[in-house]
Novice: 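Before we start, here is the structure in question, set down as structure tokens.
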Amino acid sequence: MRHKFSQCLLIVALLAPNAFAQGVRTSNTAPDAERLRAHVTYLASDKLDGRRTGTAGAEMAAQHIAEEFKRLGLRAGGQQQAISFNGKVGGKFTAYVQTFPYVAGVELGKTNSMHFFPRVSEATASVRPASLDLRVREDWMPLGWSANGRVESLPLTFVGYGISAGDLNHDDYAGANVAGRVALALAGTPEGDNPHGQFARYAELRFKAAAARDRGAKALVVISGEENFQDERLARLRYDHGGGDAGLPVVVISRQVARRIFEASGVELSFDKSGKPVDAASIASANKDAPDSGGDSRTPPPRFTSVNLPNVAFSIAVDVARRETSAHNVVGLLEGSDPKLKNEAIIVGAHYDHLGRGGQGSLAAREGEIHHGADDNASGVAGLLELARLFSQGERGRLRRTIVFIAFGGEEEGLLGSNFYINNPIVPLAQTVAMINMDMIGRLNGDRLLIGGAGTASEWKGWIARANSDPNIRMVAVGGRDGEKQATAKSAGAEIPAIVGANGQVMATASPRQRFSMTLNEDGFGPSDHSSFYAKKIPVLFFFTGTHEDYHKPSDTAEKINYEGVARVLSFVRDIVLELQASEPRPTYTVARGGGNAGRSIGFRVYLGTVPNYAESKDGMKLDAVRDDSPAAKAGLRAGDVIVKMAGREIRNVYDYTYALAEMKAGQEYEVEAMRDGQRLTVKITPAARK
Ligand SMILES: [Zn+2]
């Protein structure tokens with residue numbers, strides 16, 4: 001049920017931190033842990049329902065941020081003319097909102113049907129066979145990313161698990177010709193559900209769909225891995241962002257229907273109690289010629305031989321309707337005071353969306369529970385709001401350049417909000433001198449701070465080092481029984497005053513200590529919004545306090561946040577922004593040493609040096625960037641190219657691309673076809689081995 005608007009407003013008014021923080025006198029130059037706690041407690045509360053992009057909870061979060069921006073006197077950075085806030089959120093804040101299109105989900109359209117034609121024998125071929133109508137939801141379901149369309153009365157080929165894995169010497173399509181037919185495959189892999197098995201990445205249905213399409217199949221029908229179809233996750237009609245549709249109809253059918261198909265075709269296939277397909281004497285053969293497993297006595301996984309199923313045919317019509325809605329970035333500006341430098345912008349950003357009640361991206365065992373996302377990334381948003389407060393108040397006079405504060409939507413679905421921003425910037429990207437991203441800064445453990453992007457501007461390391469040295473000399477107690485600490489104190493003892501106990505041991509020492517023990521990562525690409533900016537050659541820094549066992553689970557809750565820690569991280573970020581303000585020249589963009597393909601890589605053996613764009617596509621895969629000196633750069637590929645064919649495979653989207661990549665070998669030359677300025681070009685690429 002939808003919340004009533006007036007009720008929402010009341011709740012917001014009662015819970016919004018500004019409502020109860022007003023009476024508290026706090027510093028307007030230092031971050032305040034209690035304000036941070038109030039923001040996180042609200043954003044991560046049950047009311048906001050996990051802030052999944054496209055939901056009312058995410059809109060309430062956006063409204064909260066916009067209200068704060070307004071209260072602090074930030075200039076609205078939204079594009080009022082483009083607003084379609086669905087009337088759900090208060091209109092007076094829409095000026096702070098940048099709206100982008102978003103597929104909130106998928107639902108069944110009107111024309112979903114499946115007919116199964118059993119026993120079309122020679123004798124009865126002239127008679128139209130009685131078809132069996134299968135019921136959508138009970139017997140079968142299309143996948144959320146299935147292509148819409150229909151196939152009429154096509155024959156079937158059983159293709160085992162439907163896996164074609166060149167690197168594993170495994171091809172379920174060997175000897176099969178599925179061109180113009182329907183491919184029928186088992187869910188899962190020969191190794192069951194083992195997430196660490198060598199087949200694990202091929203369990204992904206997107207890959208199976210690409211393999212089927214590649215072989216010319218007209219549709220892919222997947223046999224459910226669950227005995228009870230209602231338990232089948234694949235049947236829950238989910239839309240995964242970033243891929244576009246599969247290019248052919250892809251559906252899942254129940255075990256019961258699968259049994260009828262095999263029965264009718266006279267081919268045996270049955271499932272044991274644990275759900276593993278067994279026996280199938282005529283089609284399965286225990287993998288006798290598998291390489292010796294080195295004394296391992298487990299029986300090798302069964303390898304199915306593909307087989308054309310006689311006597312049966314399928315007609316399938318798939319109609320999956322997308323629920324198109326809008327999602328939002330919230331943007332507020334503080335204009336710089338320097339007549340010249342104010343035309344340059346520093347972006348300070350944090351994403352406010354999270355995983356809602358689970359589903360895509362969730363690591364929870366079950367679906368349906370609220371994923372609170374206190375660390376990911378209410379902590380970063382609270383930080384954003386606190387920095388907006390400091391820079392609009394106590395530090396206002398030190399702003400020479402303009403700061404653009406952005407709370408991004410759609411991050412968890414693939415950096416959608418930041419991707420939209422870089423294509424629709426408020427300040428031109430050429431005048432955007434740096435992007436500072438905070439994502440998960442709520443779990444400071446000891447002094448450990450991780451900073452990404454350290455290699456993306458030549459000034460960064462010097463500024464980071466300066467910001468990290470604590471100007472206050474402190475007395476640090478040295479544990480009496482801790483030999484290691486004593487040794488440290490003694491070795492430094494020559495310059496630093498120390499208190500020495502009666503027994504001659506150092507008890508305390510004064511040292512110019514570092515604020516954090518930092519881990520710097522050179523790379524400007526990574527799994528958060530700064531990636532989008534680095535792809536546009538903008539220097540970036542990414543602040544992060546590390547991952548933890550509550551990551552992407554409902555248990556990432558507000559009371560587990562280290563608020564003093566967030567405040568400490570923010571003081572540091574504030575100082576970096578002040579360095580950026582003080583420096584006359586803008587930071588110098590440098591090419592960072594990369595750790596391989598950016599973003600959500602799946603563990604390939606080869607490396608091309610491409611940075612895929614994860615936005616929706618179906619006409620190829622666009623490159624956000626190409627690393628210098630990488631195989632892709634040497635091949636002549638560059639940012640903006642749209643790869644349409646690679647290693648002999650058609651590439652429609654990022655899934656096809658990763659599928660092709662998985663099969664490529666280092667040192668071997670492949671052809672890549674790409675679109676550039678409307679022209680199709682062909683280049684040769686030689687992948688490098690991943691280190
Ligand atoms: Zn996340």
Side-chain angles (χ1 to χ4, degrees), residues 241-242 347-351 361 376-377 380 406 408 410-423 425 429 432-441 450-458 460-461 464 518-544 546-547 587-604 606-615 617 621-635 637-643 654 657-658 661 685 687-688 690-691:
H241 297 265
I347 310 267
V348 179
H351 78 87
D376 184 7
N377 184 30
I406 311 179
F408 296 105
E411 190 272 352
E412 302 283 10
E413 271 88 9
L415 318 184
L416 304 178
S418 52
N419 240 299
F420 184 81
Y421 181 86
I422 57 165
N423 291 306
L429 294 184
T432 300
V433 302
M435 193 274 178
I436 309 288
N437 187 27
M438 298 171 287
D439 192 355
M440 298 175 65
I441 56 169
L450 294 99
I451 304 181
T456 64
S458 49
W460 278 157
K461 282 177 197 154
I464 289 169
M518 287 190 298
T519 304
L520 299 189
N521 180 351
E522 300 267 313
D523 203 354
F525 293 114
S528 188
D529 293 307
H530 56 287
S531 260
S532 304
F533 290 83
Y534 186 55
K536 294 288 183 186
K537 299 196 182 337
I538 292 168
V540 298
L541 282 179
F542 166 45
F543 292 88
F544 175 46
T547 190
T588 318
Y589 166 80
T590 50
V591 177
R593 264 185 293 131
N597 278 31
R600 300 170 274 173
S601 70
I602 317 184
F604 305 107
V606 298
Y607 164 70
L608 299 182
T610 53
V611 179
N613 182 303
Y614 285 97
S617 74
M621 194 206 66
K622 189 171 168 190
L623 298 181
D624 266 349
V626 170
R627 289 183 187 281
D628 289 2
D629 293 329
S630 66
K634 285 175 191 151
L637 292 171
R638 52 190 204 217
D641 287 353
V642 177
I643 295 183
V654 70
Y657 176 77
T658 49
L661 196 59
I685 195 164
R690 279 186 78 85
K691 282 154 227 135

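Index from 1, following the sequence.
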Novice: Within this structure, what is the NZ-CD1 distance for the pair Lys622 and Ile643, rounded to the nearest 0.5 Å?
Specialist: 13.0 Å
Novice: With side-chain contact (heavy atoms from CB on, under 4.5 Å) as the test, pick out the partner of Ile347 among Val540, Ile422, Ile406, Asn437.
Specialist: Ile406
Novice: Which heavy atom of Pro539 sits nearest to which heavy atom of Pro587, and what is that distance?
Specialist: CG-O, 4.2 Å
Novice: Assess whether side chain to side chain contact (heavy atoms under 4.5 Å, CB included) is satisfied between Ile451 and Lys461, documenting all intermediate values.
Specialist: CA-CA 10 Å; Ile451 304 181; Lys461 282 177 197 154; over 6 Å; no
Novice: Testing the basics here: between Leu623 and Met621, what is the closest heavy-atom pair and its distance to 0.1 Å?
Specialist: CD2-CE, 3.5 Å
Novice: With a 6.0 Å cut-off on the ring centroids, do Tyr534 and Tyr589 count as close?
Specialist: yes
Novice: Any side-chain heavy atom of Ser531 sitting closer than 4.5 Å to one from Leu415?
Specialist: yes
Novice: Minimum heavy-atom separation for His351 and Asn377, please, with both atom names.
Specialist: O-ND2, 3.1 Å
Novice: What heavy-atom pair brings Thr547 and Phe544 nearest, and what distance separates the two atoms?
Specialist: N-CZ, 3.6 Å
Novice: Quick one: list whatever passes side chain to side chain contact (heavy atoms under 4.5 Å, CB included) with Lys634, sequence neighbours left out.
Specialist: none
Novice: Begin with the C-alpha distance, continue with both residues' side-chain angles, and end with the deciding distance and a verdict on side chain to side chain contact (heavy atoms under 4.5 Å, CB included) for Leu608 and Leu637.
Specialist: CA-CA 10 Å; Leu608 299 182; Leu637 292 171; over 6 Å; no
Novice: Run the ring pair (Phe, Tyr, Trp, His ring centres under 6.0 Å) test against Tyr421 and tell me which residues pass, sequence neighbours left out.
Specialist: Phe533
Novice: I need the minimum non-hydrogen distance between Ser532 and Ser418, along with the two atoms involved.
Specialist: OG-OG, 2.8 Å
Novice: Please report the interatomic distance CG(Asn423) to CG(Leu429), rounded to the nearest 0.5 Å.
Specialist: 8.0 Å
Novice: With rounding to the nearest 0.5 Å, note down the distance linking CG in Leu541 to CG in Asn521.
Specialist: 11.0 Å
Novice: Evaluate Asp439 against Glu411 for side chain to side chain contact (heavy atoms under 4.5 Å, CB included), listing each step before the verdict.
Specialist: CA-CA 10 Å; Asp439 192 355; Glu411 190 272 352; 3.6 Å; yes
Novice: Can you see which heavy atom on Ala592 is nearest to which on Glu522, and at what distance?
Specialist: CB-O, 3.1 Å
Novice: Nearest 0.5 angstrom please: Phe543 CZ to His530 NE2, how far?
Specialist: 11.0 Å
Novice: Hey, does Leu520 have a side-chain heavy atom less than 4.5 Å from the side chain of Trp460?
Specialist: no
Novice: Identify, with sequence neighbours excluded, every residue that meets salt bridge (charged side-chain N to carboxylate O under 4.0 Å, His left out) alongside Lys537.
Specialist: none
